[in-house]
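Structure record follows, encoded as structure tokens.
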Amino acid sequence: MKAGERSVVRESATVVLVVCVGGGAVVGWLVRLVARWFVTLPWAPFQGPARLLNSFPEPWVTLGLIAVGVVAGVLLALTALHESITVAVSDTQVTITTRDETQVVERDELTLAFKEGKQLVLLGRHGTELAREETDLSAKSLSRAFTGHGYGWADADPHAGDYRLWVPDASGLPEGANAVFAAREQALKAGKKDDLRELRKELSRFGVFVRDKDKRQYWRTP
């Protein structure tokens with residue numbers, strides 16, 4: 001690899017589009033089959049919508065449902081690509097772009113990278129967590145990009161044994177951190193990903209790093 005070159009890891013727009021559009025078309029076709037089947041079952045739910053669909057002539061009803069599925073698939077693909085992250089690795093820095101937000105980690109700050117479940121994690125000196133972003137990018141592709149530029153890569157979190165389960169009013173946390181954890185617990189239960197990310201950043205300002213498992217929060221300090 002030539003000096004100055006970057007390794008960019010991102011979701012393939014073509015693959016995402018094909019999967020989502022193809023899936024949408026199949027769902028539209030299945031809706032037609034299910035509607036045809038439901039009208040033969042007096043006890044089945046949604047009899048009204050099923051009869052309405054069956055009242056339209058073929059092949060227009062099937063083509064219409066497939067078209068609706070394709071449009072829904074395109075919208076889903078655009079949303080998925082917008083939500084996905086792009087990781088650009090160079091000899092001097094790592095850039096993580098998600099949605100309209102970009103985070104840059106300089107080489108001298110970064111000591112280790114790894115993927116934990118569906119999250120890419122970057123660690124700094126003394127175990128400080130510099131970034132933690134959800135991604136479907138493969139660990140193999142990410143590992144190749146990082147090691148290709150001389151960065152450290154691990155197959156697992158070296159600090160996994162340091163995490164403790166958060167409970168209300170947990171001791172050992174900085175003042176104010178428990179309140180953030182409590183707010184984050186509500187966001188975790190509600191599945192509010194944006195709030196979870198922002199509250200994670202807030203905890204990192206306290207020097208507290210958090211990971212989630214089975215709707216529970218685990219924390220550690222450097």
Side-chain angles (χ1 to χ4, degrees), residues 1-12 80-81 83-166 170 172-174 176-177 180-181 184-185 187-188 193-222:
M1 185 174 296
K2 296 179 181 179
E5 287 188 348
R6 297 195 311 166
S7 299
V8 180
V9 188
R10 60 163 65 97
E11 295 285 357
S12 168
L81 289 171
E83 296 286 332
S84 66
I85 74 171
T86 298
V87 182
V89 186
S90 73
D91 291 341
T92 59
Q93 63 186 23
V94 175
T95 304
I96 301 176
T97 304
T98 176
R99 302 175 188 172
D100 300 320
E101 182 179 330
T102 298
Q103 180 179 0
V104 178
V105 178
E106 301 296 338
R107 185 183 189 92
D108 59 0
E109 297 179 273
L110 178 59
T111 60
L112 190 68
F114 61 92
K115 193 174 181 192
E116 180 182 63
K118 286 194 170 186
Q119 293 182 324
L120 171 65
V121 184
L122 305 185
L123 296 182
R125 290 183 291 272
H126 311 298
T128 300
E129 193 173 285
L130 303 175
R132 180 183 284 266
E133 294 292 343
E134 188 170 330
T135 178
D136 288 322
L137 297 173
S138 73
K140 184 177 180 180
S141 298
L142 290 167
S143 171
R144 188 183 302 118
F146 279 90
T147 57
H149 290 274
Y151 293 92
W153 178 268
D155 294 327
D157 185 355
H159 300 283
D162 298 333
Y163 283 88
R164 291 179 280 176
L165 175 65
W166 178 79
L173 286 168
V180 180
F181 269 110
R184 199 172 181 279
E185 182 179 44
L188 189 62
K193 292 186 178 181
D194 289 343
D195 290 349
L196 288 173
R197 290 180 75 248
E198 289 305 314
L199 291 169
R200 179 191 299 280
K201 291 178 182 178
E202 188 65 29
L203 285 170
S204 69
R205 296 187 185 102
F206 285 104
V208 179
F209 310 115
V210 58
R211 68 178 185 179
D212 306 317
K213 183 178 180 182
D214 300 328
K215 298 292 184 179
R216 293 186 292 182
Q217 302 178 94
Y218 294 81
W219 63 276
R220 71 172 178 85
T221 54

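All values below were derived from every heavy atom in this structure, side-chain atoms included, with hydrogens, water molecules and symmetry-related copies excluded.
Although no hydrogens or angles enter the test, the distance criterion places no donor-acceptor pair under 3.5 Å between the side chain of Arg220 and the main chain of His159. Thr147 places no side-chain N or O within 3.5 Å of a backbone atom of Gly150 that could act as its donor or acceptor partner. A distance-only check finds no donor-acceptor pair linking the side chain of Lys115 to the backbone of Asp155 [under 3.5 Å].
Annotation: side chain of Pro158 is in contact with side chain of Leu123 (closest heavy-atom distance under 4.5 Å). The shortest distance between side-chain heavy atoms of Tyr218 and Asp212 does not fall below 4.5 Å. Residues Val8 and Arg10 are in side-chain contact: their nearest non-hydrogen atoms beyond the backbone lie under 4.5 Å apart. A 4.5 Å side-chain heavy-atom check between Leu110 and Val94 finds at least one atom pair inside the cut-off. Looking at Thr95 and Val89, their side chains never come closer than 4.5 Å, going by heavy atoms from C-beta outward. Contact of the Val208 side chain with the Val210 side chain is not registered, since no non-hydrogen atoms from C-beta on lie closer than 4.5 Å. Proximity of Lys213 to Tyr163: side-chain heavy atoms (C-beta onward) are nowhere separated by under 4.5 Å. Between Phe114 and Leu122, the closest side-chain pair of non-hydrogen atoms is not below 4.5 Å.
Residues Arg197 and Glu133 are paired through a salt bridge, judged by an N-O separation under 4.0 Å between the basic side chain and the carboxylate.
Partners of Ala80 under the side-chain contact (heavy atoms from CB on, under 4.5 Å) rule, at least two apart in sequence or in another chain, are Val16. With sequence neighbours excluded, no residue forms a side-chain hydrogen bond (donor to acceptor under 3.5 Å, both in side chains) with Trp219. Every residue two or more places apart in sequence or in another chain was checked for a side-chain hydrogen bond (donor to acceptor under 3.5 Å, both in side chains) with Arg125, and none qualifies. Applying the salt bridge (charged side-chain N to carboxylate O under 4.0 Å, His left out) test to Asp162 and every residue at least two apart in sequence or in another chain returns nothing. Lys201 pairs by the salt bridge (charged side-chain N to carboxylate O under 4.0 Å, His left out) definition with Glu101, Glu198, not counting sequence neighbours. The salt bridge (charged side-chain N to carboxylate O under 4.0 Å, His left out) test applied to Glu83 returns Arg99, not counting sequence neighbours.
Glu11 and Ser84 get closest at one heavy-atom pair: CG-CB, 3.8 Å. When every heavy atom of Glu202 is checked against every heavy atom of Val180, the shortest pair comes out as CG-CG2, 4.0 Å. The two residues Ile96 and Ala131 make their nearest non-hydrogen contact at CD1-CB, 4.1 Å. Scanning both residues, Glu5 and His149, for their nearest heavy atoms gives O-CE1, 3.1 Å. Of all the heavy atoms in Pro222 and Gly207, the pair that sits closest is CD-O, 3.2 Å. Between Glu106 and Thr92, the shortest heavy-atom distance links the atoms OE1-O, 3.4 Å.
Around the CG atom of Asp108, the shell of radius 6.0 Å holds more than 12 heavy atoms that belong to other residues, nucleotides or ligands.
Rounding to the nearest 0.5 Å places CH2 of Trp153 at 4.5 Å from CG of Leu142. Interatomic distance, Leu137 CG to Lys118 NZ, rounded to the nearest 0.5 Å: 11.0 Å. One finds the CG atom of Leu120 at 5.5 Å from the CD1 atom of Ile85 (value rounded to the nearest 0.5 Å). With values rounded to the nearest 0.5 angstrom, Ser143 atom OG is found 14.0 Å from Tyr151 atom OH.
A side chain to side chain donor-acceptor pair (under 3.5 Å) with Gln217 is found for exactly one of Arg184, Glu185, Arg164, namely Arg184. Checking each of Leu130, Thr128, Val121, Leu203 against Phe209 for a side chain to side chain contact (heavy atoms under 4.5 Å, CB included) leaves exactly one that passes, namely Thr128.
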Next item on the list: Check step by step if side-chain hydrogen bond (donor to acceptor under 3.5 Å, both in side chains) holds for Gln119 and Arg132.
Entry: CA-CA 6 Å; Gln119 293 182 324; Arg132 180 183 284 266; 2.8 Å; yes
Notebook entry, point to check: Under the side-chain contact (heavy atoms from CB on, under 4.5 Å) criterion, do Thr102 and Val104 qualify, and how do the steps go?
Noted result: CA-CA 7 Å; Thr102 298; Val104 178; 4.3 Å; yes
